[in-house]
Engineer: 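First, the structure itself, so that you have it in front of you.
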Amino acid sequence: MTKQYKTLGDDIWKNKVEKINAELFTLTYGSIVAQLVKDYEDFTEVNKQLEKMGYNIGTRLIEDFLARSGVGRCQDFRETAEMVSKVGFKMFLNITPAVTNISADGREFSLVLDENPLAECVELPDQALVDELWYSNILCGVLRGSLEMVQMQVDAFFVTDTLRGDDMTEIRVKLIRYLEEEVPAGED
Amino acid sequence: MNATHSSSSSGGSGIGSGPLSHGNSPTCYFVMIGTKDNPIYEAELVSVNTARSSSGGATISEAKKEEFRHLNQFIAHSALDMVEDLQWSSNQMYLKVIDKFNERFISAYLTAGNIKLLLLHDAKSEDAIRNFFNDCYELYIKTLLNPFYEPNSIISSAAFDAKVRLSAKRYL
């Protein structure tokens with residue numbers, strides 16, 4: 001099952017996706033974070049803003065993802081995890097984070113990123129280390145936004161980050177609930 | 001103040017291991033100077049590859065070390081004029097030895113962004129210094145890629161400092 005997703009992801013990356021220079025991408029994201037830090041001066045606020053930006057990106061990105069990959073509905077949350085890591089991340093960032101620590105009830109998983117193209121050559125200032133800045137928090141927002149558009153309300157957050165001196169970069173994704181299709185108010 | 005300083009230090013060396021000239025310390029002084037003549041990084045690097053004098057390994061008293069530090073900054077600063085003169089005559093980044101002070105030489109490396117890397121050293125091979133400068137230049141480029149680093153500001157990263165010292169150990 002995972003092999004199939006992997007080949008699908010590789011195939012889409014090779015053929016159907018337009019590429020952009022990695023350094024340009026890294027520097028652009030870096031200047032966004034640096035500017036947010038300068039403007040807000042409060043790292044919790046910066047985290048929140050990055051997550052909000054990611055959410056807006058995610059709600060639009062999911063359409064792109066479904067159009068290019070043409071995959072159907074996932075059977076369970078485990079499948080969602082595999083899809084996100086092998087196809088989603090591969091398609092947009094050309095990385096495949098490992099899915100680990102799947103909880104017993106299958107409603108939580110961790111993504112371990114062994115390389116993070118957003119954070120190449122970045123060193124956090126000392127104040128950011130004290131105050132808990134999650135540099136790549138935009139990714140959590142993207143996960144939340146895109147999964148919400150496919151009827152899953154999730155909570156995504158960073159557990160560890162190599163930029164802060166930890167061994168690895170890990171994002172934890174928790175499923176809160178499946179959203180039911182609601183009839184818009186005003187229709188009978 | 002300078003006069004009393006030097007008299008005490010020469011007194012110290014008389015008791016110690018014979019008169020030491022200013023240029024006998026095995027340390028190199030490395031400084032990176034920004035576009036406004038502001039130092040953005042300084043380091044005193046102990047080199048292991050210089051020819052040792054007969055009194056080699058002699059300890060330098062603290063007062064003398066302090067004097068060296070002030071002197072190093074003056075020497076480097078005065079060499080800046082030489083760099084600015086020479087930069088128009090050569091299209092190389094590595095400007096080799098540009099100035100001499102007592103027994104010490106000053107080598108310079110000018111980056112594309114007009115950052116001057118200066119090294120105060122004793123007699124040393126040009127290639128070694130060129131390699132060291134190239135290494136430091138690459139480290140500087142990586143620092144520039146960090147979005148939190150203001151160009152032309154002081155480089156305070158401990159990782160950068162460690163890597164410069166490692167490179168100095170390897171080449172100097």
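Every chain is numbered from 1, with letters handed out A, B, ... down the list of sequences.
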Engineer: Are the side chains of P147(B) and Y135(A) in touch, meaning some heavy atoms are under 4.5 Å apart?
Structural biologist: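 Yes, their side chains come closer than 4.5 Å.
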Engineer: Cluster question for you: counting only ILVMFWY and a side-chain heavy-atom cut-off of under 4.5 Å, with indirect links fine, are F109(A) and I95(A) together?
Structural biologist: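 Both belong to a single hydrophobic cluster.
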Engineer: Under the criterion side chain to side chain contact (heavy atoms under 4.5 Å, CB included), I'd like the reasoning laid out for L133(A) against F148(B): C-alpha separation, chi angles, the key distance, then a yes or no.
Structural biologist: CA-CA 13 Å; L133(A) 171 72; F148(B) 293 109; 4.1 Å; yes
Engineer: Does I115(B) share a hydrophobic cluster with Y94(B), counting links as ILVMFWY side-chain heavy atoms below 4.5 Å and allowing steps through other members?
Structural biologist: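 Both belong to a single hydrophobic cluster.
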Engineer: If hydrophobic clusters are built from ILVMFWY residues whose side chains come within less than 4.5 Å, do L110(B) and F105(B) share one?
Structural biologist: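 Each belongs to a different hydrophobic cluster.
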Engineer: Indicate if L27(A) and F92(A) have the same hydrophobic cluster label, given that clusters are the connected sets of ILVMFWY residues with side-chain heavy-atom separations under 4.5 angstrom.
Structural biologist: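 Not linked; separate clusters.
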Engineer: Considering only NZ, NE, NH1 and NH2 on the basic side and carboxylate oxygens on the acidic side, decide whether E150(B) and K38(A) come within less than 4.0 Å.
Structural biologist: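 Salt bridge between E150(B) and K38(A), a charged N being under 4.0 Å from a carboxylate O: yes.
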Engineer: How many angstroms lie between CG in L145(B) and CD in E123(A), if you round to the nearest 0.5 Å?
Structural biologist: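 One gets 11.5 Å once the value is rounded to the nearest 0.5 Å.
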Engineer: With clusters defined by side-chain heavy atoms of hydrophobic residues (ILVMFWY) lying less than 4.5 Å apart, directly or transitively, does V112(A) cluster with I138(A)?
Structural biologist: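 Shared cluster, no.
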Engineer: How long is the span from the CG atom in L124(A) to the OG atom in S157(B), to the nearest 0.5 Å?
Structural biologist: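 L124(A) CG to S157(B) OG: 11.5 Å, rounded to 0.5 Å.
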